[in-house]
J.: 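Below is a structure I'd like to ask you about.
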Amino acid sequence: MSVLIFADQSEGHIRKSTYEALSYGAKVAELTGTVAEAIVLGPVLDSLSGLGKYGITKVHHVPDNGLEHMDARCYTAVIAEAVQQTGADTVIFSNNITGKAVAPRLSARLKAGLVAGAVSLPDLAGGFSVRRSVFSGKAYANVSIITPIRIITLNQNAYGIAESAGTAEVLNMTISSPASRLTFKSTSKVSGKVPLTEAEMVISGGRGLKGPEHWGLVEDLADLLGAATACSRAVADAHWRPHHEHVGQTGLAIAPNLYFAIGISGAIQHLAGVNRSKVIVVVNKDPEAPFFKAADYGIVGDAFEVMPKVIEAVRRLKAN
Amino acid sequence: MKILVCISKTPDTTAKIAFTDNNTKFASEGVQWIINPYDEWYALVRAIEMKEKDPTVQIQLVTVGGADADPIIRKALALGGDEAIRVDAEGQDSFFIASQIAGVAADGGFDLILTGKETIDHNGASIGGMVAELLDMDYVSLAVKLDMEQGKAVVTREIEGGEEICEAVLPLVVSCQKGMAEARIPNMRGIMAARSKPLKVVVPVPAASLTSIQSFELPLAKSGVKLISADHPEELVRLLHEEARII
Ligand SMILES: Cc1cc2nc3c(=O)[nH]c(=O)nc-3n(C[C@H](O)[C@H](O)[C@H](O)COP(=O)(O)OP(=O)(O)OC[C@H]3O[C@@H](n4cnc5c(N)ncnc54)[C@H](O)[C@@H]3O)c2cc1C
C-alpha cells in the first residue's frame, strides 16, 4: 500500500500545481498510515530528490524521451504499470490539463473509482469519501470510492502547498510505453504570463471597461502584483480579449487567493467559475450589481476614477 | 465518416441549485433542462459543420438517461444530428455512463467520438477519457479546433499556458471546448425534420459503478461585502494587505 502522486512536468520543470498535489498526497498517506511516492514521466531538469520537501519518500522516474508530450493513452499505460509495480492503492493527480486527460483513462483501465476535482482530504470514517466541486462551483458532493484502488484529481488552490525539510530517494523505473500514435506539430505558449488556473491572484475586467484600449487598468495592476489577467465572456465574445482569458461556467473555473473584478456585473454564469476564490474584490459603478453579493470587498464607483488610485496605492505599497 | 456525439442533459445555467431527500438529490422541481452547453455548442455544432463540408458524414447522437432526456435529444436532432440512441438508464457515476457509451460505440464503426469538455452539473471531465480507454482509442482532450486532413484528424488542444497542434489517426475521441465552433439555434426546418428522425431506446449493458454520491452541500454564504468609499481606494489596498493579508 502507498499513495502514488503523479508529478506533472512541463519542459523539464515540475509544475506548481504538482507541489500542491504532492503536499496533499503526503497528507493522505499520513491519514491512511502509509507512504507517499511520486512518479515523474519524461526527461526532467529539476532535482527530483527535492520533492522530499513535500513529504515524498520516493520518486519513481520514467525518463523516456517519448513521454515529453502528453499522450493520455501512453501516460495511462505507464502509470498503470507503475501502480502495479509499487502496489499503490491511491493515485493522485492535480486536476490540471494532464490530470483531466489521464485520470479518467486510468480509472477505466484499473476499474478504480475516480473523484475528479477534489476539494478536501478524504474522510475515512466508514469508508473513503472525498468532497468535490459540482454544479460549476455552486455546490459540493461528498463522493465515496468503493473500489480497492482509488484515484483523486485535486482542484488547484484547494489544499495549498506544505513544505518542510526532506529529501526523496530517486529511482529510475523502466516501463516501456506503447508507441504514441499522435504526431505533435507545434506548440504555442503565451510566454511570460502566469497560467490562469495556476495563478494566485487574478485581475479581471468586464464590459464596464468599455473597450480593449482600457485594459491597461487591468494589466498594470496585474503586473504590479504578479497576477494573471482574465475577463468575462461578454468581453471575450466582443474580441476585446482572447478566449483563453474567459472565466465562468462556460470558460475556465479558477480559485485564486484573490479575484479582482473590474466592471463585471457578476452574472450567475460568471460567478460559477470564480466563486471558489478565497477573496473577491469588486469595483463596479452600480451598487445593485449582483457581484457585490459574492464579494468580500467592494468599491461602488467608476473604474476609470477608482482603478488609477488603486494602482497607485499598490505601487506605493510595493515600493516600501 | 461516422461521428458519435455524446449528449448530456443538464440544468439551465441559471437554475437554482438546491437539494432534497436529506441533501442526497438535486431538487429538479421547476428546473429547465438544456443540452450541456459544451456538448451542444462545441461537439455537436462542430460535427454539423463537418457534415456541411462533407455530406457523407453521418452524425449519431447518444445519451444515457430516462425518457425525460428525449426533448433534449430531439433538440440535438433539430440542430442537425442524423439519428439518436438513448440508453435507458439513470446515470450513476461517470464510469457507468462511459461504459454505456462504449457499449453503444463498440460495434458502431465510429471514426470520431466527440464529447463536451465537461458537463456543467457534474464537472467530471471524465467521460471522453473513460470511453477512449474502454475502446482502446486515442484521446485528445480540451480541443479548441478539429479538422480532417487526408483521413487524419488535426486537433489543436489546450495545454497549460498555451496550445498545441497534433495529428491523430482515426478512430479518435475528442473532448471539445470553446473555439471549436460557433453556437447556433435550431431552425424551423430542423425542428420539423427532427420529429421523424430515428431515436432508438436501448437497454443498458451490465456495468459497475466505482463511486457513489453520499450527499450534497451548498457552500457557506459569504459573510457580506465590506464596502470602501470610492473616494479612498487606497483603503482597499490597506485592507487587502493588513486584514486579508493577500497582497
Ligand atoms: C449559457 C450561458 C453561459 C454563460 N457563461 C458565461 C461564462 O462562463 N462567463 C461569463 O463571464 N459569462 C457567461 N455568460 C454570460 C453572462 O450571463 C453575462 O452576460 C456576462 O458575464 C456579462 O459580462 P460583463 O459583466 O462583462 O458585462 P455586463 O453584464 O454588461 O456588465 C458590465 C458591468 O460593468 C459595470 N460598469 C459599467 N461601466 C462601469 C464603470 N465605468 N466603472 C465600473 N463599472 C462599470 C456595470 O454596472 C455592469 O455591472 C453565460 C451566459 C449564458 C446564457
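Naming: A, B, ... by sequence-line order, numbering from 1 per chain.
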J.: Name the option with the most non-hydrogen atom pairs under 4.5 Å to chain B; the candidates are A:Lys309, A:Arg276, A:His244, A:Lys111.
T.: A:Lys111
J.: Counting heavy-atom pairs under 4.5 Å to chain A, which of B:His122, B:Lys117, B:Arg157, B:Met137 comes out on top?
T.: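 Ranked by contacts with chain A, first place is B:Arg157.
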J.: Side chain from CB out, backbone as N, CA, C, O: work out which of these in B:Leu240 comes under 4.5 Å of a heavy atom of chain A, or both, or neither.
T.: side chain
J.: Under 4.5 Å from any heavy atom of chain B, what part of A:Leu196 do you find: side chain, backbone, both or neither?
T.: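 Contact with chain B: none, neither part.
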J.: Check the orientation of A:His243 and A:His239. Use parallel for under 30°, tilted for 30 to 60°, and perpendicular for over 60°.
T.: perpendicular
J.: What part of A:Ala103 gets within 4.5 angstrom of chain B, counting heavy atoms only: side chain, backbone, both, or neither?
T.: neither
J.: Can you name the residues that form a side-chain hydrogen bond (donor to acceptor under 3.5 Å, both in side chains) with B:Glu242, not counting sequence neighbours?
T.: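 So B:Glu242 forms a side-chain hydrogen bond (donor to acceptor under 3.5 Å, both in side chains) with B:Arg238.
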J.: Would you confirm whether B:Asn123, through its side chain, and A:Ser136, through its main-chain N or O, come within 3.5 Å as a donor-acceptor pair?
T.: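 Checking the backbone N and O of A:Ser136 against the side chain of B:Asn123, a donor-acceptor pair under 3.5 Å is found.
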J.: Answer yes or no: is there a donor N or O on one side and an acceptor on the other, between the side chain of B:Gln177 and the main chain of B:Leu142, under 3.5 Å?
T.: yes
J.: Under a 4.5 Å heavy-atom cut-off, does chain B meet the side chain of A:Leu317, its backbone, both or neither?
T.: side chain
J.: Between A:Val281 and A:Tyr259, is there a side-chain heavy-atom distance shorter than 4.5 Å?
T.: no
J.: With a 4.5 angstrom heavy-atom cut-off, is it the side chain or the backbone of A:Phe260 that approaches chain B, or both, or neither?
T.: side chain
J.: Considering only heavy atoms, which portion of B:Tyr139 lies under 4.5 Å from any heavy atom of chain A: side chain, backbone, both, or neither?
T.: both
J.: Would you mind checking which part of B:Ala132 comes under 4.5 Å of any heavy atom in chain A, side chain (CB onward), backbone (N, CA, C, O), both or neither?
T.: both
J.: How close do B:Gln214 and B:Ser212 get, heavy atom to heavy atom, and via which atoms?
T.: NE2-OG, 2.9 Å
J.: Can you tell which of A:Ile97, A:Val143, A:Val134, A:Asn95 has the highest number of heavy-atom pairs within less than 4.5 Å of chain B?
T.: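 When all of A:Ile97, A:Val143, A:Val134, A:Asn95 are compared, A:Ile97 has the most.
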J.: At a heavy-atom separation under 4.5 Å, does A:Arg73 approach chain B through its side chain, its backbone, both, or neither?
T.: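 Only the side chain of A:Arg73 comes within 4.5 Å of chain B.
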J.: Have B:Ser8 and B:Asn36 got a donor and an acceptor in their side chains that come within less than 3.5 Å?
T.: no
J.: Would A:Gln269 and B:Thr13 count as having a side-chain donor-acceptor pair, cut-off 3.5 Å?
T.: yes
J.: For the candidates B:Val131, B:Leu236, B:Asp136, which exhibits the highest count of non-hydrogen atom pairs separated by less than 4.5 Å from chain A?
T.: B:Leu236
J.: Under a 4.5 Å cutoff for heavy-atom pairs, which residue among A:Arg15, A:Lys293, A:Lys278 has the most contacts with chain B?
T.: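 So the answer, after comparing A:Arg15, A:Lys293, A:Lys278, is A:Arg15.
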J.: Looking at B:Gly124, B:Gly129, B:Ser223, which makes the most heavy-atom pairs under 4.5 Å with chain A?
T.: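 Most pairs with chain A among the choices: B:Gly129.
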J.: Heavy atoms only, distances under 4.5 angstrom: which of A:Arg105, A:Met70, A:Lys185 has the most pairs with chain B? Name it, please.
T.: A:Arg105
J.: Are any of the side-chain heavy atoms of A:Leu217 and A:Pro308 separated by less than 4.5 Å?
T.: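 A side-chain contact under 4.5 Å exists here.
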J.: Going by the rule side-chain hydrogen bond (donor to acceptor under 3.5 Å, both in side chains), which residues pair with A:Ser94 if we only count those two or more places apart in sequence or in a different chain?
T.: none
J.: With the side chain counted from C-beta on, respond yes when B:Leu114 and B:Leu4 share a heavy-atom pair under 4.5 Å apart, and no when they do not.
T.: no
J.: Using non-hydrogen atoms only, which part of A:Ala227 is less than 4.5 Å away from chain B: side chain, backbone, both, or neither?
T.: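 Looking at A:Ala227, nothing touches chain B.
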J.: With respect to chain A, which residue among B:Ile17, B:Asn23, B:Ile165, B:Val237 yields the maximal number of heavy-atom pairs within a distance under 4.5 Å?
T.: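 With the most close heavy-atom pairs to chain A, the winner is B:Ile165.
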J.: Using non-hydrogen atoms only, which part of B:Ser126 is less than 4.5 Å away from chain A: side chain, backbone, both, or neither?
T.: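 For B:Ser126, backbone and side chain are both near chain A.
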J.: Does a donor on one side chain and an acceptor on the other come within less than 3.5 Å for A:Glu200 and A:Asn157?
T.: no
J.: Using non-hydrogen atoms only, which part of A:Leu225 is less than 4.5 Å away from chain B: side chain, backbone, both, or neither?
T.: side chain
J.: Under a 4.5 Å heavy-atom cut-off, does chain B meet the side chain of A:Thr197, its backbone, both or neither?
T.: side chain
J.: Top residue by heavy-atom pair count (under 4.5 Å) with chain A, among B:Gly162, B:Cys166, B:Ser175?
T.: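 Of B:Gly162, B:Cys166, B:Ser175, B:Cys166 has the most heavy-atom pairs under 4.5 Å with chain A.
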J.: Please look at B:Pro219 and chain A and tell me whether the side chain, the backbone, both or neither of the residue comes under 4.5 angstrom of a heavy atom of that chain.
T.: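 Contact with chain A is through both the backbone and side chain of B:Pro219.
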J.: Sort out for me which of B:Ser215, B:Ala208, B:Gly224 touches chain A most, counting heavy-atom pairs under 4.5 Å.
T.: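 When all of B:Ser215, B:Ala208, B:Gly224 are compared, B:Ser215 has the most.
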J.: Using 30° and 60° as the class limits, which term best fits the ring planes of B:Trp33 and B:Phe26: parallel, tilted or perpendicular?
T.: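 B:Trp33 vs B:Phe26 ring planes: perpendicular.
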J.: Just so I understand: if I count every heavy-atom pair under 4.5 Å between each of A:Asp296, A:Thr147, A:Ile145 and chain B, which residue has the most?
T.: A:Asp296
J.: Are side-chain N/O atoms of B:Asp93 and B:Thr211 paired as donor and acceptor at under 3.5 Å?
T.: yes
J.: Name the member of A:Glu198, A:Arg150, A:Glu305, A:His246 that forms the most heavy-atom pairs with chain B at distances under 4.5 Å.
T.: A:His246
J.: Mind running side-chain hydrogen bond (donor to acceptor under 3.5 Å, both in side chains) on A:His69 and B:Glu164 for me, showing each step along the way?
T.: CA-CA 10 Å; A:His69 286 277; B:Glu164 188 166 63; 2.9 Å; yes
J.: Taking side chain as everything from C-beta outward and backbone as N, CA, C, O, which of these in A:Asp237 sits under 4.5 Å from a heavy atom of chain B? Side chain, backbone, both or neither.
T.: side chain
